[in-house]
Amino acid sequence: MKTILVTGGAGFIGANFVPYLAKKYPDYLVINLDKLTYAGNLDNLKECEKAPNYKFVQGDICDAAVVKQLFEAYDVRGVVHFAAESHVDNSITGPRAFIETNLVGTFTLLDAARNHWMSAPHQVKDGYEDCRFHHISTDEVYGALGDTGYFRETTPYDPSSPYSASKAGSDMLVRAYHRTYGMNVTVSNCSNNYGPKQHPEKLIPKIISNALAGKDIPIYGDGKNVRDWLYVLDHCKAIDLIFHQGKSGETYNIGGHNEKNNLEIVDAICSILDQRRPREDGKSYRDLVVFVKDRPGHDRRYAIDAEKLCRELGWKADENFASGIVKTVDWYLNSFGL
């Protein structure tokens, strides 16, 4: 049984990916290493916690001893690295944790993989030729776009926040391990994800939870910041393709071609909630929207060109925003028992 180490598998995207991977590949032992910070939730992994090919380990990716022990005890043959501090607002108020987790943690994992899989630079140990380290990153490393154009794999990095700067640094570390040591690595930079199991601090679940509680729905600035929205299961399928079929040393952008500004997002959610769970006073949930002071360094627009991934690996998103947002709202309604 081939062991795949997934880091941060109790977080939003990881908790969608781990059950997907364990079910699709019964011959893989999927080890989920997660520190269980505020963003990790084991309740989101109940569907696979009794699977014979799944194991959870609580631990810190910055702890070199823990990481080394896992590689040795389970003979880890692949890494899918999600674990990261990812909330931009938190990176503005407390950047140190982002540097430690996103940079030091990524380095710790890379070095453990290098020592376990390789005997010297550009010399892979016998039997370890197919081992791969896949690093999940973000489109925020590219900075901001104007009203037109798209982020491509060749777009220069121009991070705006401590979060995106720390992710940019971790991307560079992964690439350096490929160039210096010849490690088999791939990197993916994705657009904004949405879907089941997302932490309530994020935009879409916050809109849903505040609306249902009758609280103000806060929207930064004028609400016209644009993001390219990707349904989380489409992201998981893309990672699967890249991990198994991507070319070593390459970066792949993953995007949904669903550009929406925050006003469009809140309008779509309120429309669904108005139909699914009408307010007792007969008003629309849109009446709860309030505009709040914009956050520092708030990039205006992101948009991904995923043409390379589609052309080379045959990926295609199964959900558009209209279908994905309905599934997302329904999941939260069910999770809230409504």
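All of these numbers come straight from a predicted model, not from anything done at the bench.
Of the residues Tyr25, Phe82, Phe12, Phe243, the one that meets the ring-ring contact (aromatic ring centres under 6.0 Å, His included) test with Phe17 is Phe82. Between Leu5 and the options Leu70, Val57, Leu29, a side chain to side chain contact (heavy atoms under 4.5 Å, CB included) holds for only Leu70.
Remark: side-chain polar atoms of Asn262 are not paired, donor with acceptor, to backbone N or O of Ile219 under 3.5 angstrom. With hydrogens and angles disregarded, a donor-acceptor distance shorter than 3.5 Å links the side chain of Asn32 to the backbone of Gly9. A donor-acceptor pair under 3.5 Å links the side-chain atoms of Trp117 to the main chain of Val76, judged by distance alone. With Gln245 contributing its side chain and Ile242 its backbone, the two residues share no donor-acceptor pair below 3.5 Å. With Tyr332 contributing its side chain and Gln198 its backbone, the two residues share a donor-acceptor pair below 3.5 Å. Remark: side-chain polar atoms of Ser161 are paired, donor with acceptor, to backbone N or O of Ser164 under 3.5 angstrom. In this structure, Asp305 contributes its side chain and Arg152 its backbone to no donor-acceptor pair below 3.5 Å. A donor-acceptor pair under 3.5 Å is formed between the side chain of Asp34 and the backbone N or O of Ala10. Side-chain atoms of Glu129 come within 3.5 Å of backbone atoms of Gly127 as a donor-acceptor pair (strictly under, hydrogens ignored).
With contacts defined as side-chain heavy-atom distances shorter than 4.5 Å, the pair Ile325/Ile204 qualifies. Counting heavy atoms from C-beta on, the side chains of Asn253 and Leu309 never come closer than 4.5 Å. In this structure, the side chains of Pro196 and Val232 come closer than 4.5 Å at one or more pairs of heavy atoms.
Using a 4.0 Å cut-off between charged side-chain N and carboxylate O, Arg227 and Asp139 make no salt bridge. A salt bridge between Lys197 and Glu47 is present, with a side-chain N of the basic residue lying under 4.0 Å from a carboxylate O of the acidic one. Here Arg114 pairs with Asp111 in a salt bridge; the nearest charged N to carboxylate O distance falls below 4.0 Å. By the 4.0 Å N-to-carboxylate-O rule, Lys2 lies too far from Asp27 to be salt-bridged with it. Salt bridge annotation for Asp274-Arg286: present, with a cationic side-chain nitrogen under 4.0 angstrom from a carboxylate oxygen. Under 4.0 Å is where a charged nitrogen must lie from a carboxylate oxygen, and between Asp75 and Arg77 at least one such pair does.
Across all their heavy atoms, Asp240 and His244 have their closest contact at OD1-ND1, 2.8 Å. The shortest heavy-atom contact between His257 and Ala306 is NE2-N, 4.3 Å. Heavy-atom minimum distance, Ala144 versus Arg300: CB-N, 4.0 Å.
Aromatic pair Tyr128/His116: centroids less than 6.0 angstrom apart. In this structure, Tyr194 has its ring center under 6.0 Å from that of Phe321.
Atom OG in Ser284 sits 7.5 Å away from atom CZ in Arg279 (nearest 0.5 Å). The structure places CD1 of Ile31 at 11.0 Å from CG of Asn53, a figure rounded to the nearest 0.5 Å. For the atom pair Asn225 CG and Asp294 CG, the distance stands at 5.5 Å (nearest 0.5 Å).
A side-chain donor from one of Asn184 and Ser248 sits under 3.5 Å from a side-chain acceptor of the other. Neither side chain, His135 nor Thr106, offers a donor N or O lying under 3.5 Å from an acceptor on the other. For Asn189 and Asp171, the side-chain atoms include at least one donor-acceptor pair closer than 3.5 Å.
In this structure, Tyr150 shares a hydrophobic cluster with no other residue, the cluster being traced through Ile, Leu, Val, Met, Phe, Trp and Tyr side chains under 4.5 angstrom apart. Alongside Val226, the hydrophobic cluster contains no other residue (criterion: ILVMFWY side chains under 4.5 Å). Through direct or indirect side-chain contacts shorter than 4.5 Å among Ile, Leu, Val, Met, Phe, Trp and Tyr, Tyr157 is connected to Val141, Tyr142, Leu145, Phe151, Met172, Tyr302, Ile304.
Identified under the side-chain hydrogen bond (donor to acceptor under 3.5 Å, both in side chains) test for residues 201-211, with sequence neighbours left out: Tyr38-Glu201. Screening residues 50-63 for salt bridge (charged side-chain N to carboxylate O under 4.0 Å, His left out), with sequence neighbours left out, gives Lys35-Asp60. For residues 261-297, the set of pairs meeting the ring-ring contact (aromatic ring centres under 6.0 Å, His included) definition, not counting sequence neighbours, is empty. Screening residues 244-259 for salt bridge (charged side-chain N to carboxylate O under 4.0 Å, His left out), with sequence neighbours left out, gives Glu250-Lys308, Glu259-Arg301. For residues 3-17, every residue pair satisfying the side-chain hydrogen bond (donor to acceptor under 3.5 Å, both in side chains) rule, not counting sequence neighbours, is listed here: Thr7-His81.
With sequence neighbours excluded, no residue forms a ring-ring contact (aromatic ring centres under 6.0 Å, His included) with Tyr74. Checked against ring-ring contact (aromatic ring centres under 6.0 Å, His included), Tyr181 has the following partners two or more places apart in sequence or in another chain: Tyr177. Tyr252 pairs by the ring-ring contact (aromatic ring centres under 6.0 Å, His included) definition with nothing, not counting sequence neighbours. Annotation: ring-ring contact (aromatic ring centres under 6.0 Å, His included) contacts of Tyr163 (sequence neighbours excluded): none.
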Check step by step if salt bridge (charged side-chain N to carboxylate O under 4.0 Å, His left out) holds for Lys327 and Glu319. CA-CA 10 Å; Lys327 290 183 177 182; Glu319 304 289 345; 2.4 Å; yes
Side chain to side chain contact (heavy atoms under 4.5 Å, CB included) assessment of Ile136 paired with His235: CA-CA 10 Å; Ile136 288 93; His235 187 192; 4.2 Å; yes
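Within a 6.0 Å sphere centred on NZ of Lys125, heavy atoms belonging to other residues, nucleotides or ligands number more than 12. Counting non-hydrogen atoms of other residues, nucleotides and ligands closer than 6.0 Å to CZ of Arg96 gives a total of 12 or fewer.
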